[in-house]
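To start, the structure itself, in structure tokens.
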Amino acid sequence: MQIELRKICKRFDSVNANQDISITFSAGCIYGILGENGAGKSTLMKILSGYTECSSGETLINNQPVRLSNPMQALRYGIGMLYQEPMDFPRLTVLDNYRLGNPLLGRQSKTVVGKQLTDSAVTLGFQLQPDQSLETLTIGERQQLEILRLLSLGVDALILDEPTTGISTQQKEMLFSALRKLAGDGKTILLVSHKIKDVEALCDHVAVLRRGSLAIQMDRPFSTATLLESMFGEPPKHCPPDRKPAVGVPVLTMDRASVSYGRSGLIQCSEIVREREIIGLAGLEGSGQEAFLRLAAGLLRAEEGSLRLRDQHMKNYRYHELQPHGVFFMPAARLEEGLISEISIADHMALIKFHETMILPWKAILSQTENSISAFDIKGRPSTTVNRLSGGNQQRLLLSFIPPNPSLLLLENPTRGLDMASSADMWSRLRTYCQQKTSIVFSSPDLEEILTYADRILVFFDGCVIRHLMADQTDINYLGSAIAGAP
Amino acid sequence: MKRGPCLQRSNQTHLNHLPATRVARAWIPIPSILVTLGVALLLATLVLLTVGTSPLSVYGHLLKGSIGSWQKIVQVLNVWIPLVLCATGLLYTFRINLWNIGIEGQVMIGAVFSTGVLRSEWFVGCPMSALFISMLAAMMGGGLWALFTGYLKTRGGVNEIFAGLGMNFLAQGLILWLIFGPWKRPGMASMSGTELFPPAVWLPTLLSYRLSILGLVLAIAAILVTTFLLRHTRIGLAINAIGRNPRASFLLGLRTDRYLLLTMMLAGCFAGLAGNIQVTGIYHRLIPAISCNYGYLALMVVMLSNYRILAATIIAFFFAGINVGSIQLPMALQLDSSFSGVLQGLMVLSAICFQGWRSKRRPSASRGGTP
Amino acid sequence: MILPDPVILFAGIVASATPVIIAVIGETISEKAGVINLSLDGTILLSAMTAFSVAYQTQSILIGIGAGTFVGGIIGAGIAALSLYCRVSQVAIGFVCALMAKDLAYFLGNAYARLNGPQIGDSPLPFLRHLPVVGPILFNHNILVYCSLLLIPLSTWFLFYTRMGLTLRAVGENPLACYARGIRPQFHQIVYSGIGGALVGLSGASFALCFKPGWGRPQGAEGTGWIVLALVIFGGWNPIRACMGAYLFAFLQVAAIYLQNRFDAIPAQIFQVAPFPLMISTLLVIQLVQQDNRKKNVASKGVFRKFLAILSGSAPASLGKSFL
């Protein structure tokens with residue numbers, strides 16, 4: 001089956017998720033769709049699978065224009081998608097998940113369908129028990145089931161969105177050999193990934209998306225450098241940090257801590273954060289940085305291992321107990337976790353900075369708010385509700401919440417939505433904290449930012465810290481290939 | 001979905017537009033009121049036509065029966081007092097996004113505690129202090145009863161709706177047991193309740209009218225206290241913040257669980273007070289239906305008011321008027337007095353549907369839109 | 001105290017549990033599809049009133065039952081549709097409906113209060129009734145009792161062993177995933193909420209035409225709706241277990257009548273309370289087991305844990321949340 005996308009555009013409110021993308025996929029080939037987070041890969045694939053509709057553009061299957069307005073229609077044309085977030089029913093059995101929504105199985109009995117399931121599993125080298133509950137399966141096995149289910153629906157084109165995150169190496173091998181086999185049978189395989197290594201290992205053809213547009217298409221053999229460049233942009237001139245940190249005593253000690261969070265969680269992580277140190281956490285989204293920060297902030301409880309703040313012996317390492325000790329956590333999801341969108345800037349100030357008073361001293365609150373607004377250059381008035389602020393202003397508001405003498409700042413993507421000038425300004429502000437005893441740990445998808453502002457870099461991959469780098473001894477190419485898991 | 005272990009809440013009910021503390025001034029949503037009233041009256045008229053009565057005469061009787069004379073207005077106020085007390089209590093829980101359906105039971109427990117104090121022999125010589133103590137006991141009882149539901153929610157993860165419902169029936173069972181058991185009338189226990197208290201411990205009333213000034217003062221005080229708490233204190237701000245976004249509130253440093261318990265407790269206190277007034281001001285004894293469904297009615301009032309206190313007090317008066325006015329219907333027109341409930345229900349139903357429909361029409365992020 | 005004949009006792013339990021069982025099955029179906037119908041108490045009364053008045057007017061029991069069932073179905077489907085298309089929380093709308101439908105029933109039914117209407121008579125099954133013990137307990141009743149006895153296995157079979165039941169459960173678990181598979185969750189939720197509501201309506205009709213015959217204020221069915229809600233949770237969203245709960249409840253009520261002779265101080269109404277503590281403790285156990293599973297992340301071991309797991313059951317994952 002040949003699929004052609006012509007001038008696909010997709011807008012979310014004011015954001016262009018896809019711009020003018022034209023690309024052709026032909027039968028029997030494995031295509032890699034490569035790009036960093038937010039490049040528009042998932043959106044493009046969801047359009048192709050009928051899950052979302054494009055704003056403009058057309059889709060052609062075997063040179064016939066088709067309209068894919070819901071997943072069922074896409075399935076009828078033979079396009080099936082394995083979503084990034086599992087779209088299955090954990091409480092039901094494997095067999096029920098397999099049968100559900102499959103009109104082709106008709107009135108066949110459970111045993112017949114079960115036989116069909118195990119047979120098709122065997123041909124692809126999978127092992128699945130039909131009457132097992134899905135809850136007991138690993139993510140890799142759930143993926144295998146989903147692939148079998150899509151095949152039983154007779155799909156000719158199979159889209160896999162980030163299938164290699166959160167599964168074991170053996171499962172990845174099984175998945176790849178199964179996909180090769182399917183491509184050999186004439187199916188079109190589309191692998192969406194941000195891991196260059198996986199794409200290089202499997203695909204015949206790669207398309208790189210960057211900021212919603214098609215950056216480059218390439219056949220085998222691939223040039224890793226070119227791919228990296230088109231993913232992350234021109235390698236910038238890296239200016240080394242103009243400071244030599246005089247690191248002090250340990251602030252945070254993490255000892256073989258493990259926690260499950262998101263897809264990969266954090267596995268056996270031992271790190272020490274010292275006074276006056278700025279640590280950048282590099283890694284693709286969901287590789288463990290988020291778990292690291294949340295664990296350090298006391299929002300998650302370590303399932304194994306332990307954490308210690310300075311030499312405090314806290315009974316519970318919990319968020320609210322850490323706050324008086326100057327630990328500050330800033331989440332990346334501004335409107336979901338950071339701010340309350342329907343209340344005003346002054347209300348936020350009152351909540352954060354006026355703990356002691358029961359009756360709110362609005363005069364003091366308003367003057368304090370005015371101060372913060374001018375100090376942090378927020379475009380808004382004290383009575384402005386947060387949802388009427390632009391993203392950059394929301395971010396600055398979040399930063400204004402940092403307490404006066406913090407000891408540990410844990411920042412998830414601190415300059416998200418800020419332009420170059422304001423993020424530089426923000427960082428100069430943050431670095432003044434470090435002249436006292438503050439240490440900063442931050443994550444960012446922007447490698448350049450990490451290289452510019454961090455002293456030390458931890459590279460996360462699949463829940464583990466795989467590299468410890470000094471910022472002045474590495475460059476963006478090396479870092480880029482490291483986070484993509486390149487050897 | 002990203003969430004920390006401390007932030008997990010099961011089954012959040014989503015309230016649409018709660019007003020912000022300082023931003024949204026109390027505006028009068030005239031189109032909503034018109035649509036709500038119009039649709040509700042239209043449907044109610046249809047109901048009346050199916051029974052074959054003249055709608056005009058029914059509405060006329062409702063008006064005459066509620067504000068036709070001072071006597072009637074006093075009756076309405078006597079309903080309004082407990083209704084407002086419950087409604088103010090519910091404002092706290094609704095604003096923090098809890099569905100305190102257990103308010104009915106909290107009223108009952110307030111009544112039980114008051115009766116317990118008034119029956120005891122310690123205060124025989126001193127009726128005023130007996131009244132005062134009974135009020136305190138009622139507030140404490142209602143508060144603790146609500147607190148238990150709150151604990152079931154924060155510690156046990158039991159949805160407050162089911163827990164509250166269960167607690168309501170437990171309270172009802174407790175009242176029945178007391179009336180038929182330990183507190184039964186000398187001679188024969190019956191559904192008519194416990195023995196009447198001596199008039200000394202009745203709430204003092206205005207001479208010719210049966211309006212208790214103290215109750216009225218308490219209701220107005222409850223409105224003022226609630227307005228003040230919600231608008232000008234840290235508690236009110238925190239409640240608003242948690243109701244809108246518990247996760248962000250937690251990260252901003254609020255102990256969300258404690259505030260949930262606090263609001264439950266406050267709601268229980270106000271409800272308990274309402275129960276006390278039912279006992280000391282209206283019935284002067286404990287009867288099985290002591291709560292008169294005012295807790296449930298207050299839930300409807302607060303829903304219709306869109307969680308605004310001023311609107312809630314006005315709607316409470318309106319609903320109280322409908323309740324009192326409908327008492328006439330059986331005598332005058334041979335209709336059942338439950339028409340009041342039909343009218344009230346239709347109003348709330350059309351109001352929440354209209355609100356929901358309007359909020360749906362507003363542009364919002366489309367499904368599956370994470371690029 | 002004279003102990004009752006166990007056969008008569010059990011026959012009484014089977015009969016008096018019947019309307020509760022029909023409603024419990026209806027609500028279980030609706031909740032399994034992810035729609036929580038909180039309006040049961042009002043729905044039962046309104047459909048009881050409708051069934052009685054229609055049967056009285058037409059002198060046909062069948063039309064009466066049909067009318068009651070229809071009313072219940074409309075309310076059930078209406079709650080689902082309004083919550084889906086008007087973005088109103090199912091709880092809010094269900095709660096208002098519960099109060100309003102009850103008042104509407106008393107208002108409209110005023111003209112039919114204390115009239116003698118048609119009643120469903122007993123129709124013992126020809127051969128089965130002569131079976132020893134089982135015969136008189138199960139097969140010496142009216143047609144509705146047989147219906148309820150049939151409904152228990154039928155609903156279980158439907159929910160857990162048919163493709164439609166599978167779809168129903170899937171919609172209640174994860175509507176988004178259903179959408180991705182080309183199943184329309186809205187359509188299924190409205191249909192199954194309607195079917196569930198229709199069964200609740202049938203239960204109401206069976207009250208008015210058989211178990212608490214006639215119409216009046218208060219109708220004997222008042223309060224049953226809330227008990228049904230509690231029993232559905234106690235049953236862990238499994239029809240068989242919920243029906244066991246219903247029989248337990250009926251047993252308590254029958255026992256109350258006998259106990260009342262002994263402790264005449266205790267009114268029978270107190271026994272109406274019994275399902276609610278059971279419901280709350282079931283919800284507590286569910287949470288306990290889930291926390292336990294989350295912590296250990298392995299199959300549970302130990303007798304106590306297994307016992308808890310049996311008691312627990314699990315709510316449909318997206319119960320009460322509207323898919324938009």
Side-chain angles (χ1 to χ4, degrees), chain A residues 10 12-13 15 17-18 37-44 46 51-53 83-85 212 261-262 290 294 297-301 318-320 323 329-344 346-348 350-352 354-360 362 382-385 401, chain B residues 1-8 14-25 95-97 225 227-259 262 307 359 362-371:
Chain A
K10 175 71 185 177
F12 289 113
D13 296 329
V15 185
N18 285 154
N37 297 308
K41 308 170 302 241
S42 290
T43 309
L44 186 66
K46 280 181 176 171
Y51 191 84
T52 33
E53 276 193 274
Y83 295 90
Q84 189 174 359
E85 59 276 22
Y261 179 79
E290 298 89 348
R294 272 155 206 270
L299 288 166
L300 300 174
R301 314 197 64 181
R318 293 255 187 100
Y319 184 70
H320 287 302
Q323 280 191 318
F329 170 74
M330 193 179 87
R334 284 189 291 253
L335 288 183
E336 289 76 34
E337 291 187 297
L339 301 165
I340 299 153
S341 57
E342 301 96 334
I343 70 173
S344 68
D347 287 338
H348 279 88
L351 282 176
I352 292 160
F354 292 82
H355 283 289
E356 291 79 24
T357 47
M358 184 41 85
I359 295 168
L360 297 170
W362 280 113
S383 63
T384 314
T385 52
F401 295 162
Chain B
M1 270 269 273
K2 292 175 184 173
R3 40 169 144 153
C6 338
L7 305 172
Q8 285 173 354
H14 289 285
L15 305 174
N16 287 325
H17 348 273
L18 292 171
T21 32
R22 287 184 60 80
V23 186
R25 288 275 143 235
R95 291 234 178 168
I96 209 164
N97 221 345
V225 165
T227 315
F228 180 76
L229 265 179
L230 288 178
R231 279 223 170 163
H232 300 291
T233 67
R234 193 177 159 72
I235 295 181
L237 186 56
I239 288 173
N240 264 313
I242 296 167
R244 287 152 200 285
N245 190 339
R247 278 194 291 165
S249 305
F250 184 89
L251 287 181
L252 291 177
L254 298 175
R255 310 250 179 165
T256 44
D257 277 5
R258 289 187 195 172
Y259 278 102
L262 178 71
Y307 321 107
S359 81
R362 280 185 203 141
S364 60
S366 53
R367 185 195 314 137
T370 48

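Just so we're on the same page: letters track the sequence lines, and every chain starts at 1.
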Shortest non-hydrogen contact from [X] toward [Y]:
{"X": "B:H232", "Y": "A:W362", "answer": "ND1-NE1, 4.4 Å"}
{"X": "B:L252", "Y": "A:Y319", "answer": "N-OH, 4.5 Å"}
{"X": "B:N245", "Y": "A:L335", "answer": "ND2-O, 3.3 Å"}

Handout entry: Contact check, side chains of A:H320 and B:F250, non-hydrogen atoms, under 4.5 Å
Key =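 Yes, their side chains come closer than 4.5 Å.
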Problem - Distance, nearest 0.5 Å, that separates CG of A:L351 from CG of B:L254 - result: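 Rounded to the nearest 0.5 Å, the CG-CG separation comes to 5.0 Å.
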Handout entry: From B:L251 atom CG to A:L299 atom CG, the distance as rounded to the nearest 0.5 Å
Key =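 Interatomic distance, B:L251 CG to A:L299 CG, rounded to 0.5 Å: 5.5 Å.
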Side chain, backbone, both or neither: which part of [X] has an atom under 4.5 Å from a heavy atom of chain B?
{"X": "A:H348", "answer": "side chain"}
{"X": "A:I359", "answer": "both"}
{"X": "A:Y83", "answer": "neither"}
{"X": "A:T357", "answer": "backbone"}

